[in-house]
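Written below as structure tokens is the structure these notes are about.
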Amino acid sequence: MAVMNFGGVDENVVTREEFPLEKAREVLKDEVIAVIGYGVQGPGQSLNLRDNGFNVIVGQRPGKTYDKAVADGWVPGETLFGIEEACEKATIIQVLLSDAAQIECWPRIKKYLTPGKALYFSHGFAITYKERTNIIPPADVDVILIAPKGSGTSLRRMFLQGRGLNSSYAIFQDATGKAWDRVIALGIGVGSGYLFETTFKKEVYSDLTGERGTLMGAIQGLLLAQYETLRENGHEPSEAFNETVEELTQSLMPLFAENGMDWMYANCSTTAQRGALDWMGPFHDAVKPVFEKLYREVACGNEAQRSIDTNSKPDYREGLEKELAALRESEMWRAGAVVRKLRPENN
Ligand SMILES: NC(=O)c1ccc[n+]([C@@H]2O[C@H](COP(=O)([O-])OP(=O)(O)OC[C@H]3O[C@@H](n4cnc5c(N)ncnc54)[C@H](O)[C@@H]3O)[C@@H](O)[C@H]2O)c1
Ligand SMILES: CC(C)(O)[C@@H](O)C(=O)O
Ligand SMILES: [Mg+2]
Ligand SMILES: [Mg+2]
């Protein structure tokens with residue numbers, strides 16, 4: 001484990017150099033890894049594990065995603081099973097069902113958690129909010145976490161590009177004395193770049209805050225507020241979209257991803273730099289109370305409960321799809337669809 005200094009704070013990080021793929025394969029050579037669920041993380045993690053040479057099977061209920069697993073090369077009765085059959089065969093059970101489905105499926109998974117097995121999550125949700133999920137593992141299994149910090153789609157894409165998405169790792173319970181080796185080997189196996197140490201609680205609090213905040217919720221709110229302001233003042237949709245989204249994702253975001261915000265600023269005009277430096281404070285002050293409220297809602301469990309309640313409904317997918325369609329059909333994103341088509345590389 002390397003100790004690295006992040007902006008003045010020392011943290012534990014595991015690198016591929018100290019824990020190479022060959023070592024991960026050696027640690028897990030006698031294990032059967034069952035990936036339960038084949039939604040977004042399921043395909044990314046299972047396919048990366050398979051391509052990295054691990055002994056991996058998939059457990060999925062019948063339906064559309066089962067058919068997708070078959071199309072991805074998982075063979076019914078050999079490497080693709082129902083949820084219970086896969087849990088029975090496994091020594092490591094990777095629970096990659098949706099967080100709400102984990103609650104419903106838990107009694108069927110728990111049955112197969114015999115002593116010495118490992119129970120793996122990609123989110124601290126089930127364990128941290130155990131009063132709400134009733135997911136309480138037996139004491140004689142390892143309980144571990146690898147949470148890729150990004151979409152399962154990106155995890156797979158970056159693996160295929162020879163890159164690696166960073167992941168958080170945590171150990172909730174080390175029953176076998178092997179939990180650390182197991183979790184790190186799995187983190188390397190699923191295609192992580194670097195592995196950052198955390199706890200189940202910190203992972204879920206930060207993850208729920210991030211996706212509701214800057215990563216997904218806040219970004220849409222911020223972009224829409226600017227787009228509307230431009231439109232209300234007579235700007236055309238294309239101008240409003242280009243100035244709000246297209247320039248951000250295509251020109252400026254890659255610059256600060258590469259080398260930090262000051263470097264992106266330095267590559268813009270002095271007029272832009274003056275304005276950005278003056279306005280970043282008022283924007284920060286306006287949204288900080290919203291982030292504080294969001295974190296409180298996450299920490300007290302309200303956000304988890306809301307997610308459990310809505311995503312446990314039998315028609316939750318239809319509901320989500322309806323809301324996503326409304327977003328897609330809003331003027332800003334309809335304008336975006338046309339602007340994206342006009343990217344020269346798309347022609
Ligand atoms: N989506 C991501 O990229 C991402 C990123 C990091 C962590 N995670 C975490 O990984 C885990 C899996 O998330 P996901 O987004 O891949 O899940 P998902 O919502 O895509 O669902 C995964 C699977 O759950 C199955 N499922 C749903 N309801 C079921 C039920 N009642 N019975 C049986 N199976 C059911 C679906 O068939 C699907 O194959 C979650 O803990 C999530 O928080 C997800
Ligand atoms: C990809 C995200 C947003 O990072 C993940 O946390 C999720 O829940 O899908
Ligand atoms: Mg999340
Ligand atoms: Mg996340």
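Just follow the structure's listing: the first ligand is 1, and inside any ligand the first atom is 1.
Any N or O atom pair closer than 3.5 Å counts here, and E211 shares at least one such pair with ligand 2.
Ring orientation note: the planes of W180 and F19 are nearly perpendicular, at an angle over 60° on the 30°/60° scale.
Heavy atoms of D207 approach ligand 2 to within less than 4.0 angstrom. Heavy atoms of Q41 come nearer than 4.0 angstrom to ligand 2 in no pair at all. At least one heavy atom of Y38 sits closer than 4.0 Å to an atom of ligand 1. Residue contacts with ligand 1: G150 is included, with a non-hydrogen atom under 4.0 Å away. Using a non-hydrogen distance threshold of 4.0 Å, Q102 registers as a contact of ligand 1.
Atom OD1 is the N/O/S atom of D207 found closest to the Mg ion (ligand 4).
Of all protein heavy atoms, the one lying nearest to atom 5 (C) of ligand 1 is Q41 NE2, 3.1 Å. For atom 30 (C) of ligand 1, the closest non-hydrogen atom of the protein is R61 NH1, 3.2 Å. Closest to atom 1 (N) of ligand 1 among all protein heavy atoms lies V40 CB, 3.5 Å. The protein heavy atom nearest to atom 22 (C) of ligand 1 is L96 O, 3.4 Å. Given atom 40 (C) of ligand 1, the protein heavy atom at minimum distance is D99 OD1, 3.4 Å.
Residue C105 approaches ligand 1 through these ligand atoms, each under 4.0 Å from one of its heavy atoms: 32 (N), 33 (C). Taking every non-hydrogen atom of Q60 and a distance limit under 4.0 Å, the qualifying atoms of ligand 1 come out as 37 (O), 39 (O). With ligand atoms numbered from 1 in the order given, ligand 1 contributes 26 (N), 27 (C), 28 (N), 29 (C), 30 (C), 35 (C) to contacts under 4.0 Å with heavy atoms of A101. Of all atoms in ligand 1, numbered sequentially from 1 with element shown, those under 4.0 Å from a heavy atom of S122 are 7 (C), 9 (C), 10 (O). Contact atoms of ligand 1 toward P148: 6 (C) (distance under 4.0 Å to a heavy atom of the residue). Near R317, meaning under 4.0 Å from any of its heavy atoms, are these atoms of ligand 1: 18 (P), 19 (O), 20 (O). The contact set between ligand 2 and M216, taken as ligand atoms under 4.0 Å from a residue heavy atom, comprises 3 (C). Less than 4.0 angstrom separates some heavy atom of G150 from each of these atoms of ligand 2: 1 (C). Atom numbering of ligand 1 starts at 1 in the shown order; those under 4.0 Å from a heavy atom of G39 are 20 (O), 22 (C), 23 (C), 38 (C), 39 (O). Set against the non-hydrogen atoms of G152, the atoms of ligand 1 under 4.0 Å away are 2 (C), 3 (O). Proximity to S151 (heavy-atom distance under 4.0 Å) selects the following atoms of ligand 2: 1 (C).
With a 6.0 Å radius and a threshold of 12 heavy atoms from other residues, nucleotides or ligands, Q305 has its CD atom above the threshold. The local environment of NZ in K68 is crowded, with over 12 non-hydrogen atoms from other residues, nucleotides or ligands closer than 6.0 Å. Within 6.0 Å of NZ on K111 lie more than 12 heavy atoms contributed by other residues, nucleotides or ligands.
Residue contacts with ligand 2 for K149 are absent, since no atom lies close enough (heavy atoms, distance under 4.0 Å). The proximity of E104 to ligand 1, defined as any non-hydrogen pair under 4.0 Å, is limited to the side chain. With a 4.0 Å heavy-atom cut-off, ligand 1 is reached by the backbone of L97 and by its side chain too.
Proximity of V40 to T153: side-chain heavy atoms (C-beta onward) are separated by under 4.5 Å at one or more points. Side-chain contact check for P76 versus V70: some heavy-atom pair is nearer than 4.5 Å.
Applying the side chain to side chain donor-acceptor pair (under 3.5 Å) test between D142 and each of K117, R182, Q173, K178 identifies R182 as the sole match. With respect to V190, the side chain to side chain contact (heavy atoms under 4.5 Å, CB included) criterion is satisfied by exactly one of V35, I146, L165: I146.
Looking only at atom types and distance, the side chain of Q226 has a donor-acceptor partner in the side chain of T244 under 3.5 Å away. Side-chain atoms of S192 and S167 include a donor-acceptor pair closer than 3.5 Å. Of the N and O atoms on the side chains of S122 and Q41, not one donor lies less than 3.5 Å from an acceptor on the other residue.
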Before you tell me yes or no, could you show the steps for E203 and S168 under side chain to side chain donor-acceptor pair (under 3.5 Å), namely the whole-Å CA-CA distance, both residues' side-chain angles and the distance that decides it to 0.1 Å?
CA-CA 7 Å; E203 193 285 331; S168 297; 5.7 Å; no
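What you find for G37 and L97 is that their closest heavy atoms are CA-CD2, 3.9 Å. Residues Y205 and T209 come closest through the heavy atom pair O-OG1, 2.7 Å.
Using a 4.0 Å threshold on non-hydrogen atoms, atom 9 (O) of ligand 2 does not count as touching the protein.
Looking at G37, S98, S167 and measuring to atom 24 (O) of ligand 1, the nearest heavy atom belongs to S98.
Of the possible polar contacts, one joining the N52 side chain to the G189 backbone as a donor-acceptor pair under 3.5 Å is found.
Aromatic ring centroids of Y129 and F125 lie under 6.0 Å apart.
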